[in-house]
Amino acid sequence: MSTLEIRLEAFVKTCVGIDPAHDLLHVKRVVESAKAFAAEEEEPARQDVLIAASWLHDVIRREKDGGIRAPSSVHSASLAAEFLREEQLFDDADIERVYHAIAAHSYTAGIPPETIEAKILHDADRIDALGAIGIARCMIVGGRFGAALYHEGEPIPEARDIDDRKFIVDHFYNRLFKLEDTFLTKAGAREAAHRTRYMRAYIEELEREMPEAYLS
């Protein structure tokens with residue numbers, strides 16, 4: 001690990017909480033995905049900027065309140081910029097690149113990623129919502145907010161309205177299955193397609209395991 005990453009990790013450890021869906025392991029997965037995706041992009045990314053943005057992308061999290069979440073990515077970007085400036089790790093122009101990459105990575109912030117580093121971080125964070133890891137994280141978050149696993153009368157939402165505030169399975173249909181079409185990098189899109197197929201197979205198996213009374 002580089003000296004830069006050692007300093008970044010030490011700072012991140014003071015920021016992340018105990019939420020296993022957004023813990024240090026999540027951050028490390030995002031960092032490694034960002035490096036892997038960057039390696040396949042034709043447009044070269046600034047590795048130091050990308051690594052800093054990946055490590056610092058979740059240093060502040062604001063949880064849901066009545067279904068609305070404050071833009072954590074913008075708050076994280078501000079704290080990241082403050083840290084990098086105080087530690088004199090980057091000049092102002094590069095701090096702005098880190099800031100933008102972090103602010104634009106969030107699904108809910110609605111900020112279009114404009115730099116290659118922002119596009120890569122966007123995908124590296126998003127890929128962690130898919131596949132086996134994504135399923136586990138979805139279950140953790142849904143359970144923490146008191147959502148049931150599925151709707152008893154219609155586990156797979158077809159005729160009824162989707163409500164992922166009440167049912168974890170509904171989140172697959174409300175958001176997770178839609179993510180595949182939002183990736184911006186070649187490697188990210190390929191991995192997203194693979195992980196989405198796995199998640200659809202999981203839902204098929206979940207439906208197979210349902211009691212016959214649900215499906216008749």
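Under a hydrophobic clustering in which Ile, Leu, Val, Met, Phe, Trp and Tyr are joined whenever their side-chain heavy atoms come within less than 4.5 Å, directly or via other members, Ile168 and Ile156 fall into the same cluster. The cluster map of Ile, Leu, Val, Met, Phe, Trp and Tyr, joined by side-chain heavy atoms under 4.5 Å apart, puts Val74 and Leu79 in different clusters. Placement of Met139 and Ile133 in two distinct hydrophobic clusters is found when ILVMFWY residues are connected by side-chain heavy-atom separations under 4.5 Å, directly or transitively. Under the 4.5 Å side-chain heavy-atom criterion for ILVMFWY residues, no single connected hydrophobic cluster contains both Leu25 and Met1. No single ILVMFWY cluster, assembled from side-chain heavy atoms under 4.5 Å apart, contains both Ile140 and Leu149.
The environment of CD in Gln88 is sparse: at most 12 heavy-atom neighbours from other residues, nucleotides or ligands sit within 6.0 Å. In this structure, Asp161 places its CG atom where only 12 or fewer heavy-atom neighbours from other residues, nucleotides or ligands lie under 6.0 Å away.
A salt bridge (Lys or Arg N to Asp or Glu O under 4.0 Å) check over residues 42-52, counting only residues at least two apart or in different chains, returns the pairs Arg46-Asp48, Arg46-Asp94. Among residue pairs with one or both ends in residues 3-15, those qualifying as side chain to side chain donor-acceptor pair (under 3.5 Å) are Glu5-Lys35, Glu5-Trp55, Arg7-Glu87, Glu9-Lys28; sequence neighbours excluded. The salt bridge (Lys or Arg N to Asp or Glu O under 4.0 Å) analysis of residues 111-122, with sequence neighbours excluded, yields the pairs Arg97-Glu117.
Note that the OG atom of Ser78 and the CD1 atom of Ile60 stand 7.5 Å from one another [nearest 0.5 Å]. Of the inter-residue distances, the one linking Ser33 atom OG with Arg126 atom CZ reads 13.5 Å to the nearest 0.5 angstrom.
Shown here for Ala101 and Leu121, the closest heavy-atom pair between the two residues is O-CD2, 3.4 Å. Heavy-atom minimum distance, Val98 versus Ala52: CG2-CB, 4.1 Å. Taking both residues in full, the closest heavy atoms of Phe167 and Ala147 are given as N-CB, 4.2 Å, listed atom of the first, atom of the second, then distance. In terms of heavy atoms, Ala187 sits closest to Phe37 at CB-CD2, 3.7 Å. Of all the heavy atoms in Ala104 and His122, the pair that sits closest is O-CD2, 4.3 Å. Of all the heavy atoms in Ala53 and Ile102, the pair that sits closest is O-CG1, 3.6 Å.
For the pair Tyr198/Ile135, a side-chain contact is recorded, criterion being any heavy-atom separation below 4.5 Å from C-beta on. With contacts defined as side-chain heavy-atom distances shorter than 4.5 Å, the pair Leu179/Leu130 qualifies. Looking only at side-chain heavy atoms (C-beta outward), Phe83 and Val59 stay at 4.5 Å or farther from each other. Put simply, the side chain of Ile203 reaches to within 4.5 Å of the side chain of Phe177, judged on heavy atoms. Looking at Ile116 and Pro44, their side chains never come closer than 4.5 Å, going by heavy atoms from C-beta outward. Between Cys138 and Leu176, the closest side-chain pair of non-hydrogen atoms falls below 4.5 Å.
Between Glu204 and Arg208 no salt bridge is recorded (no basic side-chain N to carboxylate O distance below 4.0 Å). For the pair Glu82 and Arg85, the salt-bridge criterion is not met [side-chain N within less than 4.0 Å of a carboxylate O]. Classification of Arg175 and Asp164 as a salt-bridged pair fails, no side-chain N sitting under 4.0 Å from a carboxylate O.
Remark: the backbone N or O of Val31 is not paired with any side-chain donor or acceptor of Ser54 at under 3.5 angstrom. One N or O on the side chain of Arg195 and one on the backbone of Ile127 form a donor-acceptor pair closer than 3.5 Å. At distances below 3.5 Å, not a single donor-acceptor pair connects side-chain atoms of Thr182 with backbone N or O atoms of Lys178. The main-chain N or O of Lys186 is found under 3.5 Å from a side-chain atom of Glu41 such that the two form a donor-acceptor pair.
One side chain, His22 or Asp19, offers a donor N or O that lies under 3.5 Å from an acceptor on the other. When only modelled atom types and interatomic distance are considered, Ser76 and Asp58 share no side-chain donor-acceptor pair under 3.5 Å. In the model, Asp170 has no side-chain atom that pairs as donor or acceptor with a side-chain atom of His151 under 3.5 Å. In the model, His26 has a side-chain atom that pairs as donor or acceptor with a side-chain atom of His57 under 3.5 Å.
Ring geometry, Phe172 versus Tyr202: the interplanar angle falls under 30°, so the pair is classed parallel (tilted spans 30 to 60°).
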Between Ile95 and Leu84, is a side chain to side chain contact (heavy atoms under 4.5 Å, CB included) present by the stated rule, with each step listed?
CA-CA 7 Å; Ile95 288 173; Leu84 295 174; 4.0 Å; yes
